[in-house]
Amino acid sequence: MPPESQPSNPTVHTVQSSDGTSIAYESEGNGQPLILLHGGSGTRRAWDTLRPHLINEFSLYVPDRRGRGDSSDGDNYSLAREAADLRALVDAVSGTPVVLGHSFGGLVALTAAPEIAIDRLVLYEPPVLVDEHSEDDLAARMEARLEAGQRQAAMRLFIEENGSVSDVAQLPWWPEEANLHLTETVIRENYEVEAFDISDVPDIDVPAVLLTGEQSPDHLRAGVTALDDHLDRSHLIEMENVGHVATETAPEKLASIIKSRT
């Protein structure tokens with residue numbers, strides 16, 4: 001996945017989740033509130049390429065999810081705790097927000113949606129594993145490499161299987177800007193992905209815009225298609241000529257879709 005951009009100078013706040021974990025977030029702009037939940041190997045900096053294309057239309061709320069960036073962490077981890085983090089942030093927002101979740105951030109938003117007051121969801125390839133992909137053991141394969149002292153190999157496995165990257169070693173930012181210190185955090189999230197079943201997706205009363213990239217991995221595209229079939233109020237959009245990280249590679253295209261659907 002592309003390296004994270006340098007931050008601008010928005011205001012930084014914190015909100016306390018239900019288990020006492022402190023969630024740091026930046027806020028800037030004026031307009032419809034829009035919460036941006038980053039994916040597995042990133043921090044809130046993962047949105048910096050996209051944010052300039054949204055700032056004139058939205059009030060942006062951009063957190064570090066727990067266990068990364070300026071947020072703290074709890075003694076125990078679960079997808080439900082991440083959902084509680086989002087609920088705390090929604091309660092701190094002025095107005096009724098749209099929530100945009102990328103990758104694992106989309107799974108968090110999907111899980112939290114029935115219990116939070118939001119205008120709508122925008123979910124960019126949440127990792128819902130279906131059909132033959134439901135037997136994936138990425139978390140265990142990553143953990144085995146990490147336990148063997150192969151931190152780079154563990155994160156490389158994640159990025160290549162989820163980021164439309166055939167050989168991450170050929171990318172100019174690898175490994176210096178790959179957030180290798182987050183490997184343990186990525187592994188625990190992947191265990192949650194593998195435990196999640198589409199039948200667990202609750203009833204959602206708000207509209208959901210589902211995004212997928214034409215060049216994205218098959219397991220992510222299959223999951224979004226199945227999710228579209230599962231939800232009553234969803235609309236699936238395929239983005240041409242992009243993969244899993246249009247947040248970085250095609251921010252104008254992604255921003256245009258967000259603006260037109262919110």
For [X], check side-chain contact (heavy atoms from CB on, under 4.5 Å) against everything at least two apart and list the hits.
X	answer
A169	R156, D167, W174
E184	L146, R151
D131	none

May I ask you to decide whether [X] forms a salt bridge with [Y], counting only side-chain N to carboxylate O separations under 4.0 Å?
X	Y	result
R188	D73	yes
E189	R66	no
R141	E161	yes
R44	D70	yes
D85	R65	no

Point to revise | Cluster companions of I258 among Ile, Leu, Val, Met, Phe, Trp, Tyr (side-chain spacing under 4.5 Å) | key: L34, L36, W47, L50, L54, I55, F58, L60, V62, V98, L100, V122, Y124, V209, L211, I237, M239, V242, L254, I257
According to side-chain hydrogen bond (donor to acceptor under 3.5 Å, both in side chains), who are the partners of [X], at least two apart in sequence or on a separate chain?
X	answer
E143	Y191
R221	E238
D200	none
R233	none

Please set out all donor-acceptor pairs under 3.5 angstrom arising from side-chain atoms of residues 108-115, sequence neighbours excluded.
| unit_1 | atom_1 | unit_2 | atom_2 | d |
| --- | --- | --- | --- | --- |
| T111 | OG1 | L107 | O | 2.8 |
| E115 | OE1 | R87 | NH1 | 2.8 |

Study note, to complete from the structure: From the list V224, T225, L121, side-chain contact (heavy atoms from CB on, under 4.5 Å) with L210 holds only for V224
Revision key, fill the gap. So the ring pair (Phe, Tyr, Trp, His ring centres under 6.0 Å) pairs with at least one residue in residues 16-38 (sequence neighbours excluded) are H13-Y25
**Study point:** Heavy-atom neighbours of D91 CG exceed 12 at 6.0 Å
**Key:** yes
Would you check if there is a donor-acceptor pair between the side chains of [Y] and [X] at a distance under 3.5 Å?
X	Y	answer
E125	S103	no
H133	D218	no
S59	Q32	no

Check your understanding: Partners of K259 by salt bridge (Lys or Arg N to Asp or Glu O under 4.0 Å), sequence neighbours excluded?
Key -> E57
Check your understanding: Listed by chain and number, what are the salt bridge (Lys or Arg N to Asp or Glu O under 4.0 Å) partners of E214, not counting sequence neighbours?
Key -> none
Review point. Is any side-chain heavy atom of L37 less than 4.5 Å from a side-chain heavy atom of P63?
Key: yes
**Study point:** Note, L86 side chain near E82 side chain (heavy atom, < 4.5 Å)
**Key:** no
Exercise for review: Start with the C-alpha distance between E26 and Y61, add both sets of side-chain angles, then the distance that settles side chain to side chain donor-acceptor pair (under 3.5 Å), and finish with yes or no.
Suggested key: CA-CA 6 Å; E26 294 177 347; Y61 295 82; over 6 Å; no
